[in-house]
There are 2 protein chains.
Amino acid sequence: MPQDDDSPQMTLEDVAALVGVSRTTVSNVVNGTGRVSKDTASKIGAVLQSTGFTVNASARTLRRKSSQLISVLVPIYQDADSFPKENPFYWDFFSGLQGVTHSGGYQILLQRMNPTDEFVPVIRARNLDGVVVVGAYESLAPVPHLLASKIPAIFVDSYLPSLSAHTVNVDDQFGAYLATRYLLGLGHRNIVFVSEPLLEHGVNNERWYGYCQALSENRLAGEPISIEAQTSLEAGRSLAHRLAYDRSKISAIVTAADILAIGLLRGFHECGVTVPQRMSVIGFDDIRHAQYTVPTLTTIRQDSFGKGEKTGQLLLRLIESHRTGHKLDVQHIQLTPTLVVRESTGPAPAIEA
Amino acid sequence: MPQDDDSPQMTLEDVAALVGVSRTTVSNVVNGTGRVSKDTASKIGAVLQSTGFTVNASARTLRRKSSQLISVLVPIYQDADSFPKENPFYWDFFSGLQGVTHSGGYQILLQRMNPTDEFVPVIRARNLDGVVVVGAYESLAPVPHLLASKIPAIFVDSYLPSLSAHTVNVDDQFGAYLATRYLLGLGHRNIVFVSEPLLEHGVNNERWYGYCQALSENRLAGEPISIEAQTSLEAGRSLAHRLAYDRSKISAIVTAADILAIGLLRGFHECGVTVPQRMSVIGFDDIRHAQYTVPTLTTIRQDSFGKGEKTGQLLLRLIESHRTGHKLDVQHIQLTPTLVVRESTGPAPAIEA
DNA sequence: TTGTACGCGTTATCAC
DNA sequence: GTGATAACGCGTACAA
């Protein structure tokens with residue numbers, strides 16, 4: 001037992017008094033500077049142990065101007081039309097990130113924020129060492145300020161016009177390309193693409209390009225068609241109803257998210273449209289549930305945990321180079337997604353209207 | 001524009017110099033103590049604005065011994081057998097919590113932790129004002145230390161032998177009771193209960209009691225039967241296979257979690273066991289996906305967002321009373337779940353083996 | 001109403 | 001090796 005659990009927190013001064021040395025020496029032991037004799041060091045070490053001493057982070061931060069704290073910022077787009085209502089906040093991603101940063105001695109402040117909230121002030125106020133912004137779009141007003149502030153920052157799953165931002169993304173274009181090419185290979189000719197509205201610098205735009213590229217490589221393919229839908233289970237479901245009612249020639253759907261695809265699966269089931277016999281559906285992300293739907297979901301898999309780890313590693317490098325003053329070139333990490341074939345895709349129906 | 005984005009952070013001293021007053025006066029304005037003349041106050045206010053001044057949190061924390069920071073601790077049970085592999089970390093819960101605490105001026109440190117990690121030291125080190133522990137079990141060694149430390153703490157979805165812990169839970173017993181009673185009303189007689197191993201003070205134990213209670217109220221009901229399975233999609237799926245193979249008389253299943261139930265749904269589908277015709281399945285939580293499975297999932301709904309809000313409110317009260325020295329009675333908040341009937345439950349098969 | 005002065009706990013500098 | 005001493009930025013009791 002290190003100490004009584006409600007005993008007051010010890011300070012360097014306290015420990016110094018106990019051992020009979022100066023607080024400077026104790027500090028040197030705590031920080032392992034090495035300029036303490038082995039003898040006194042061990043004596044101090046023992047007291048450190050028995051008293052359960054912990055350095056006061058605020059005092060240290062005040063001196064060092066570094067808090068060993070980073071922040072994950074998740075914008076909350078209240079505007080119903082502009083962002084996933086069902087923000088899943090991937091725990092896997094966070095886990096990967098946290099694991100890496102924890103090893104580096106950092107803790108994480110998780111913040112939801114309105115798109116209009118300035119974040120530079122809070123970063124400054126708390127002396128945060130770095131920031132990870134998830135899902136930012138150019139419409140986010142505070143982003144330019146963050147960029148200008150020179151605070152180590154990484155934008156994940158974000159698409160920004162600025163080239164000076166460090167980013168971590170999956171190769172969205174390639175992912176959508178994979179999905180579409182696979183469907184074309186199955187004989188589908190009338191394939192639609194479903195996503196949120198195509199913002200100029202959005203994720204969906206990248207996926208749309210990938211989709212278009214695949215189509216353009218195939219002479220028999222129809223025109224690219226984009227359908228807008230929110231990234232939500234319910235949006236998928238209602239879209240399925242609409243499509244079923246339309247009785248269009250569509251035989252396959254490329255979606256921008258698994259939850260959208262899962263909603264579609266459910267919607268088609270309700271309408272008696274069999275998947276994959278009459279309609280093929282392909283998702284994006286490979287969330288866990290994708291393996292347990294009926295039918296199971298063919299999808300584009302991305303490694304969220306690994307993405308978190310990569311983000312953490314890059315952030316640590318950024319912080320380090322910020323500390324030493326060595327500017328780091330702008331980093332753009334792009335992870336390659338893979339196609340996972342399951343049951344929701346199949347050959348194009350023999351007779352297409 | 002408040003300031004140049006990479007201008008150095010202002011201090012009270014700087015602002016004071018700019019206005020031509022002492023930093024005490026500026027501090028008084030910043031903290032709204034009221035003992036400043038309207039005249040100078042507005043003059044200072046203007047400079048505060050234009051310079052984009054933010055108080056240095058570390059310095060303030062050092063003085064006040066309060067960081068305006070709280071921590072959410074999520075234990076990670078590595079041990080495969082003892083806890084959900086697929087910890088969903090409910091974003092809804094976090095959102096509710098964050099909304100409330102944010103209004104109170106707090107920010108949140110989110111920490112995953114091994115069950116053996118001591119958390120009191122980090123709490124002390126950062127002068128955290130309060131803690132929320134999610135899913136703690138008695139086996140968590142550091143819990144007693146936390147309790148003894150008198151740090152404002154709330155245990156959510158946790159079952160601890162200690163009566164001195166403030167807790168927020170759903171009424172698990174009642175939830176399982178509701179589920180079981182509903183199935184009995186549908187004519188089922190052979191109903192099993194599926195959950196993780198029944199720890200003495202665990203959530204599952206509560207649910208097990210509720211299940212047993214419902215059975216005991218019905219003369220025709222069979223003996224209570226408990227089946228162990230991890231809380232994961234895959235565990236549900238493989239259990240379904242086992243049950244299908246066994247060809248037992250079981251006609252209904254009460255599960256301790258939606259993801260388990262969803263796994264069951266998938267597994268039964270694979271085995272050709274129709275739900276609900278041959279088997280009824282009922283979940284617990286009402287996660288979003290529950291509405292989009294095939295068939296949709298009958299389940300016991302709990303309000304995660306509301307749970308987060310309640311937790312936040314209680315924590316703020318706790319912190320306040322801790323600050324003023326007024327001890328607060330131990331609080332046990334219990335939210336009442338409700339039954340949501342969907343498609344995965346139906347009348348008991350007419351002929352039971 | 002405003003200013004002075006001290007302390008919060010730590011670290012960095014510079015003597016000894 | 002070790003120890004004074006001065007910041008870091010802020011809040012507050014006390015004096016003016």
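Heavy atoms only: backbone and side chains are in, while hydrogens, waters and symmetry mates are out. Below, chain A is the first sequence line, B the second, and so on; all start at residue 1.
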### Message
Does A:T40 reach a base, just sugar-phosphate, or nothing at all? Heavy atoms under 4.0 Å.
### Response
sugar-phosphate

### Query
Starting at the 5' end of DNA chain D, which residue's closest nucleotide do you reach first, A:A59 or B:R63?
A:A59

### Global bending angle along the helix from C:dT1-D:dA16 to C:dC16-D:dG1, which compares the axes of five pairs at either end, to 10 degrees
40°

### Task
Look up atom CG in B:L73 and atom CZ in B:F155, then write down how far apart they are to the nearest 0.5 Å.
9.0 Å

### Task
Indicate, with a heavy-atom threshold strictly under 4.0 Å, whether B:R23 touches base, sugar-phosphate, or nothing.
base

### Task
Determine whether B:D129 and B:S67 make a side-chain contact, defined as any pair of heavy atoms from C-beta on separated by less than 4.5 Å.
yes

#### Entry: Test item: side-chain donor near acceptor, B:Q107 and A:R126, under 3.5 Å
yes

#### Entry: Summary of salt bridge (charged side-chain N to carboxylate O under 4.0 Å, His left out) pairs that have at least one residue in residues 93-112 of chain A, sequence neighbours excluded
none

### Query
Does anything in residues 31-40 of chain B pair up under salt bridge (charged side-chain N to carboxylate O under 4.0 Å, His left out), and if so which pairs, sequence neighbours excluded?
none

### Query
Of all nucleotides in DNA chain D with an atom under 4.0 Å from a non-hydrogen atom of chain A, which is the first and which the last going 5' to 3'?
D:dG1 to D:dG9

### Query
Partners of A:R323 by side chain to side chain donor-acceptor pair (under 3.5 Å), sequence neighbours excluded?
A:E320

### Task
Could I get the full list of side chain to side chain donor-acceptor pair (under 3.5 Å) partners for B:Y106, not counting sequence neighbours?
none

### Query
For residues 9-19 of chain A, which residue pairs qualify under salt bridge (charged side-chain N to carboxylate O under 4.0 Å, His left out), counting only residues two or more places apart or in two chains?
A:E13-A:R23

### Query
Who are the side-chain contact (heavy atoms from CB on, under 4.5 Å) partners of B:S164, not counting sequence neighbours?
B:L147, B:S162

### Task
Identify the 5'-most and 3'-most nucleotides of DNA chain C with at least one atom closer than 4.0 Å to a non-hydrogen atom of chain B.
C:dT1 to C:dG9

#### Entry: Rounded distance (nearest 0.5 Å) linking atom CD1 of B:I123 with atom CD1 of B:I70
11.5 Å

### Message
Any non-hydrogen side-chain atom of A:L18 less than 4.5 Å from a side-chain atom of A:M10?
### Response
yes

#### Entry: Residues in contact with DNA chain D, drawn from residues 24-39 of chain B - heavy-atom cutoff 4.0 Å
B:T24, B:S27, B:N31

### Query
Going from OG1 on B:T101 to CD on B:Q68, what distance comes out if it is rounded to the nearest 0.5 angstrom?
10.5 Å

### Query
Is it true that the side chains of A:S321 and A:H326 contain a donor and an acceptor less than 3.5 Å apart?
no

#### Entry: Neighbours of DNA chain C within residues 11-18 of chain B, by heavy-atom distance under 4.0 Å
none

### salt bridge (charged side-chain N to carboxylate O under 4.0 Å, His left out) contacts in which one or both residues fall within residues 304-313 of chain B, not counting sequence neighbours
B:D157-B:K307

#### Entry: A:T311: which of A:V134, A:V100, A:I154, A:L316 passes side-chain contact (heavy atoms from CB on, under 4.5 Å)
A:I154

